[in-house]
Amino acid sequence: MPTEPAIARLLVSLALRWRDAVDRMDREGEGILLAVDEAGVLRRTVTDGDLRRAVLASLGEQATLAQLPAREPLTVHASADAAQARQLMEQHRISHVPVVDDAGRPVDLIHSRELAARIWLSSPHLGEEETAFVEEAFRTNWIAPLGPHVDAFEQEVAAATGMGHAAALSSGTAAIHLGLLLLGVQPGDTVFCSALTFVGSCNPILYCGAKPVFIDSEPGSWNMSPAALERAFEWAKRENRMPRCVVLVNLYGQSADMDALLPICRRHGVKVLEDAAESLGASWRGRPSGSFGDAAILSFNGNKIITTSGGGMLLSNDAALVARARKLSTQAREPAPHYEHREVGFNYRMSNVLAGIGRGQLKVLPDRVQRRREIFEAYRDALADLPDIGWMPEPQGSHSTRWLTCLVLRGEAAARRRDEVLRRLERHAIEARPVWKPMQLQPLYADAPFFPHAQGHDVSAALFDAGLCLPSGSNMTPAQLERVIVHLREALRASRAIA
């Protein structure tokens, strides 16, 4: 892969003959050159239009770029974002904007075509299968909540995960809330939860009036640390705060080490709620993610590997538990000809239309997993020559979906370098994000107990400091993937100046 900064290909001297500039512009294919002085400061941009005007003005063959009509270059500072660049382009009707540092030296170039074609972190990927199911829902007038697609979607997801029963719900968060309630969590109880996760994994603990305790990650999988979990149980015994439940999160499309974690929970007689919101399609030692807990949940949010636009699923081998989930999710209505209610319920059910989308999506789940794994491999191959990158590991026995491709920067000033990479990618309308900010660092949970992987070794905080999630959507085209890789390499190169 090239090591020269991409912007360097466009830098030319003011002493360059304009005729030679024509050849250079044709060779580079960007439609622009950046003429700099001896100190590397940008003095003017040179476009196709400038060179055509030079022809019309009958400038001599030996005339240089310095002899072209003077024109102050339009630029943005390196601290500018894509919105500022877009505003400048629209105002002046130009298609390129150079980015300059404090001294006025060019460090980057933004194209209008990029800003018009944003690349998302993980956008919904819909196909033809979904259309048929949704059209059937409209044709049969099953638009209201519940209906044949809901029933079928529950059966099909249960079969895909190897669980006996499933209840289709409005979100993964709703599924966690009901799961906690049905596993016996009551006000004042303690609940253990993975620290490195989205806040939706643990906010339902508060809904129940319970108190969360957060468990760190392990380096080998980024999922819950068995060592930290053991120490948390020892503490809970001493403090007479044994948890009612453990929320065990499968992160970024990868199952946690179930062989190590589940025996610890079983030994202490504590139920497990498996949060597989990010890991549908993954497996641990050949067994599907979402099949390990006393109950498990899935999410079908718009950014997940398959989506219903919004939705979730509660899974269990306990038929009575799932039947009760269905009752609570429909406002806990009693079987009576009128509306009879004896307990508090929730409006948590999935609609028949969304379930139809989910049925179509489920049919292509293996293809979505394969494509996301291919995207991960493409990133890893393209950046294999860079020594300061560590990829999210995939332990032996785990088959990750690579829902998101995640890496961590190593070495000096890794956190600042990560932030610089994010800024540069965003400048080119490429969405990337830090790794989840762990719960022990969230203001909402500042007072909650936390158990690190080892004394003085907070794995999840270190991953947040220098971790990066890259665009990973299964509908990314090869051209989009190449665009991300080109800008990512350049951003990583430029970020080394910080160290």
**Q** Report the distance from atom CD1 of I215 to atom CG of N223, rounding to the nearest 0.5 Å.
**A** 13.5 Å

**Q** Starting at CG of L328, measure out to CG of L314 and round the result to the nearest 0.5 Å.
**A** 10.5 Å

**Q** To the nearest 0.5 Å, how far apart are CD in Q254 and CD in E278?
**A** 11.5 Å

**Q** Parallel, tilted or perpendicular: which describes the rings of F153 and F300, with under 30° parallel and over 60° perpendicular?
**A** tilted

**Q** Set out, in order, the CA-CA distance, both residues' side-chain angles and the distance that settles side chain to side chain contact (heavy atoms under 4.5 Å, CB included) for D388 and R417, then state yes or no.
**A** CA-CA 11 Å; D388 50 356; R417 289 174 51 218; 2.5 Å; yes

**Q** Answer yes or no: is there an ion pair linking E426 with R424, defined by an N-O contact shorter than 4.0 Å?
**A** no

**Q** About how many Å separate OG of S289 and CG of N250, when rounded to the nearest 0.5 Å?
**A** 4.0 Å

**Q** Mark yes when over 12 heavy atoms from residues, nucleotides or ligands other than R231 sit less than 6.0 Å from its CZ; otherwise mark no.
**A** yes

**Q** Please check if atom CD in Q87 has more than 12 non-hydrogen atoms from other residues, nucleotides or ligands closer than 6.0 Å.
**A** no

**Q** F376 ring centre to R402 NZ or CZ under 6.0 Å, with the angle to the axis within 45°?
**A** yes

**Q** What's the spacing between R373 CZ and S472 OG if we round to 0.5 Å?
**A** 13.0 Å

**Q** Taking everything shown except R86 itself, do over 12 heavy atoms lie less than 6.0 Å from its CZ?
**A** yes

**Q** Tell me if the NZ atom of K363 is crowded by more than 12 foreign heavy atoms within 6.0 Å.
**A** no

**Q** Ring-plane angle category for Y348 and F346, please: parallel below 30°, perpendicular beyond 60°, tilted otherwise.
**A** parallel

**Q** Report yes or no: do R241 and T190 form a side-chain donor-acceptor pair below 3.5 Å?
**A** yes

**Q** In plain terms, say whether E343 and R324 are close enough for a salt bridge, that is, a side-chain N and a carboxylate O under 4.0 Å apart.
**A** yes

**Q** As a test of understanding, state which of R427, R423, R493 forms a salt bridge (charged side-chain N to carboxylate O under 4.0 Å, His left out) with D108.
**A** R427

**Q** Do R359 and E154 sit within salt-bridge range, that is, some charged N less than 4.0 Å from a carboxylate O?
**A** no

**Q** Could you label the plane-to-plane angle of the F214 and Y445 rings as parallel, tilted or perpendicular, counting under 30° as parallel and over 60° as perpendicular?
**A** perpendicular

**Q** Roughly how far, to the nearest 0.5 Å, is CG of L315 from NE2 of H165?
**A** 11.0 Å

**Q** Does the pair D385/R489 count as a salt bridge with the N-to-O cut at 4.0 Å?
**A** yes

